[in-house]
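None of the values given here were measured: they were computed from a predicted structure.
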Amino acid sequence: MVRFLRKNVRVFKLLFVAILTTIIWFLPIEAFGIEGLTVLQQRIIAIFVFAATMWILEAVPAWTTSLLIIVIMLLTVSNSGISILIDDIPKTELISYKAIMATFADQTVMLFLGGFILALVASKSGVDITLARAMLKPFGTRPNIVLFGFILVTAVFSMFVSNTATAAMMLTFLTPVLKSLPAEERGRTALALAIPIGANIGGMATPIGTPPNGIALGYLNNSEGLNLGIGFDQWTLVMTPLMLVILTIAWILLKRLFPFTSDKVQLKIIGGAKKGWRTTVIYVTLAVTIALWMFEKETGINSYIVALIPVGVFSLTRIIKSKDLKDIDWAVLWMVAGGFALGVGMDKTGLAKTLVESIPFTDWPVLLVLVGSGVICWLLSTFISNSAAAALMIPILAAVGKGMGPMLDEYGGIGTLLIGIALSASFAMALPISTPPNAIAYSTGLIKSSQMCIIGVIIGVISLILGYTTLIFIGRTGFFG
């Protein structure tokens, strides 16, 4: 019986999700206790519950759930849906199918696409290895300094490259180092933990560092919504110092909890960039792209357009070819698009407004809404993908923020609310399942779950405190609009 259950656990998960979604879909509207709720809004609630349970239970890959969100919405709530499902609904209430489809071509998705192309080309050409060697060289052979080097370099790469790819690359460099150290050397655990910590925290520093950042920025910069116009440079200018402070604290914790007994660590990084004009083009394009991102206000070219420059250059020079496109992390792009589709559904059907009006936020302490939502996202991201957690929470909090209006001004406005959610997702790293870098590091066999949990919780709590303190302080200056 136990064997049967284990073998069919995925089927049971899917059945549970299907039954729960169906119940919510067909419940009498009065059962929700929300005044003014429409049939179309009830369907969006059902789709939201479907997304949440699928992402939490991981019945299918997260990107599959995001794709299903878009397909289900097109068939059941759009103006080009199945006739029998939409004939009794006023045409003016239905969502434009073009608006739903456009979520996959959203400007934020294009921003990530450009980042992925840069990462793909750097990896394919060996430029990433050359850069890593050059960045790690100044840290010498002293164990604690090498430890800081690995944390910092991993974080810098994660600012522009997927944290999963960064963790895999850095652990490849670290493997010979770990093998050269004695088996009883506790510092080996510190080095192994340095990679996921650097990868997870590093992603917070730029809009393309991790999907939650992009999802939050998409809502904040939406021209039909909040339209705050937060630039790549603004985000990076605030988040990079915060990232460095958190990384320094993490370094101090690691060297205290897992002290080195060895007096020397020898780094051997094999490989590097290929010689030729293509490598020169890659270096120049990489430098120009980052420079344009950092000086967005001065050039007048927004970060979304800048992200497509390397796509054009590398395609024209045939540095990337059609066969290379399969190596792009399309799953993340679908993940982000699915989150935006949920937001479109909540906004266009009026569900967001209805929900906000039905909840007495004016009776709640603003700080509770602000920090409480971040803590919830942090806890949720510990057990499910941080992208999924952000995709679930940000559409709701965007609506809540609009409803609270001036009440949030004292704490930096809606920017503090949504950016806080994005950062909270990145701070969740207590379990091997919390993030792919955690899982990769855990697979080395050098880290116990209890060790990862202790360091992950401590860094997570400290990061939440520092993160919200920074956001509220900066937000009060009007820096984020």
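- In Phe295, the CZ atom is not crowded: 12 or fewer heavy atoms of neighbouring residues, nucleotides or ligands sit closer than 6.0 Å.
- Side-chain atoms of Val127 and Val121, non-hydrogen and from C-beta on, never get closer than 4.5 Å to each other.
- For Phe104, the CZ atom is densely surrounded, since the number of other residues' heavy atoms within 6.0 Å is greater than 12.
- The side-chain contact (heavy atoms from CB on, under 4.5 Å) test with Thr206 is passed by exactly one of Asp233, Thr240, Thr236: Thr236.
- Under the 3.5 Å distance criterion, the side-chain polar atoms of Trp251 are left unmatched by any main-chain donor or acceptor of Ala194.
- In this structure, the side chains of Asp329 and Phe112 stay at 4.5 Å or more apart for every pair of heavy atoms.
- Side chains of Asn200 and Asn438: a donor on one and an acceptor on the other come within 3.5 Å.
- Here Ile465 contributes atom CD1 and Thr470 contributes atom OG1; the two are 11.5 Å apart, rounded to the nearest 0.5 Å.
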Full working for ring pair (Phe, Tyr, Trp, His ring centres under 6.0 Å) between Phe427 and Trp378: CA-CA 7 Å; Phe427 297 153; Trp378 177 63; 8.9 Å; no
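- Tyr411 and Leu367 get closest at one heavy-atom pair: CE2-CD1, 3.7 Å.
- Between the CG atom in Leu471 and the CG atom in Leu423 there is a gap of 5.5 Å [rounded to 0.5 Å].
- Atoms CG and CE, from Leu397 and Met404 in turn, are 9.5 Å apart once rounded to the nearest 0.5 Å.
- Heavy-atom minimum distance, Ser373 versus Leu417: OG-CD1, 3.9 Å.
- No side-chain heavy atom of Val109 sits less than 4.5 Å from a side-chain heavy atom of Leu113.
- Summarising the geometry, atom OG belonging to Ser426 is positioned 5.5 Å from atom CG belonging to Asn386; distances are rounded to the nearest 0.5 Å.
- If you run ring-ring contact (aromatic ring centres under 6.0 Å, His included) between Trp293 and each of Tyr304, Trp235, Phe232, only Phe232 comes through.
- Partner Met159 forms a side-chain contact (heavy atoms from CB on, under 4.5 Å) with one of Met239, Met204, Met243 and no other, that one being Met243.
- Checking side-chain atoms of Gln451 against main-chain N and O of Lys448 turns up a donor-acceptor pair under 3.5 Å.
- Under the 3.5 Å distance criterion, the side-chain polar atoms of Lys124 are matched with a main-chain donor or acceptor of Ile319.
- The side-chain heavy atoms of Phe148 and Lys255, taken from C-beta on, include no pair separated by under 4.5 Å.
- Looking at Thr64 and Trp334, their side chains never come closer than 4.5 Å, going by heavy atoms from C-beta outward.
- Shortest non-hydrogen contact noted between Pro212 and Ala390 is CB-CB, 3.7 Å.
- The closest donor-acceptor contact from the side chain of Ser158 to the backbone of Ala155 lies at 3.5 Å or more, if one exists at all.
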List the steps and the verdict of side-chain contact (heavy atoms from CB on, under 4.5 Å) for Ile249 and Ile459. CA-CA 8 Å; Ile249 293 171; Ile459 294 175; 5.9 Å; no
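- Here the side chains of Ile396 and Phe48 are in contact, with some heavy-atom distance below 4.5 Å.
- Atom-to-atom distance recorded for Thr154:OG1 and Leu136:CG is 7.5 Å, nearest 0.5 angstrom.
- Inter-residue side-chain proximity for Asn213 and Thr210 is flagged as met; some heavy-atom pair is nearer than 4.5 Å.
- Heavy atoms only, all atoms of each residue included: Ala167 and Ile440 are closest at CB-CD1, 4.2 Å.
- For the residue pair Leu237 and Pro241, the shortest heavy atom distance occurs at O-CD, 3.1 Å.
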Output, in order, the C-alpha distance, side-chain angles, deciding distance and verdict of side-chain contact (heavy atoms from CB on, under 4.5 Å) for Phe260 and Arg186. CA-CA 6 Å; Phe260 283 91; Arg186 295 190 69 197; over 6 Å; no
Please report the C-alpha distance between Phe116 and Val332 in whole Å, then the side-chain angles of each, then the deciding distance to 0.1 Å, and finally whether the side-chain contact (heavy atoms from CB on, under 4.5 Å) criterion is met. CA-CA 10 Å; Phe116 288 158; Val332 170; 3.8 Å; yes
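- Judged by distance alone, the side chain of Thr189 and the main-chain N or O of Leu446 form a donor-acceptor pair under 3.5 Å.
- In this structure a side-chain-to-backbone donor-acceptor pair under 3.5 Å is missing from Thr285 to Ile282.
- For the pair Phe139/Val153, a side-chain contact is recorded, criterion being any heavy-atom separation below 4.5 Å from C-beta on.
- Residue Asn221 holds its CG atom at 6.5 Å from CD of Gln107, rounded to the nearest 0.5 Å.
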Full working for side-chain contact (heavy atoms from CB on, under 4.5 Å) between Thr469 and Phe473: CA-CA 6 Å; Thr469 301; Phe473 176 76; 5.5 Å; no
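- Across Leu418 and Ala398, no two heavy atoms sit closer than the pair CD2-N, 3.6 Å.
- Judged by distance alone, with hydrogens and angles left aside, the side-chain atoms of Lys326 form a donor-acceptor pair with the main-chain N or O of Lys323 at under 3.5 Å.
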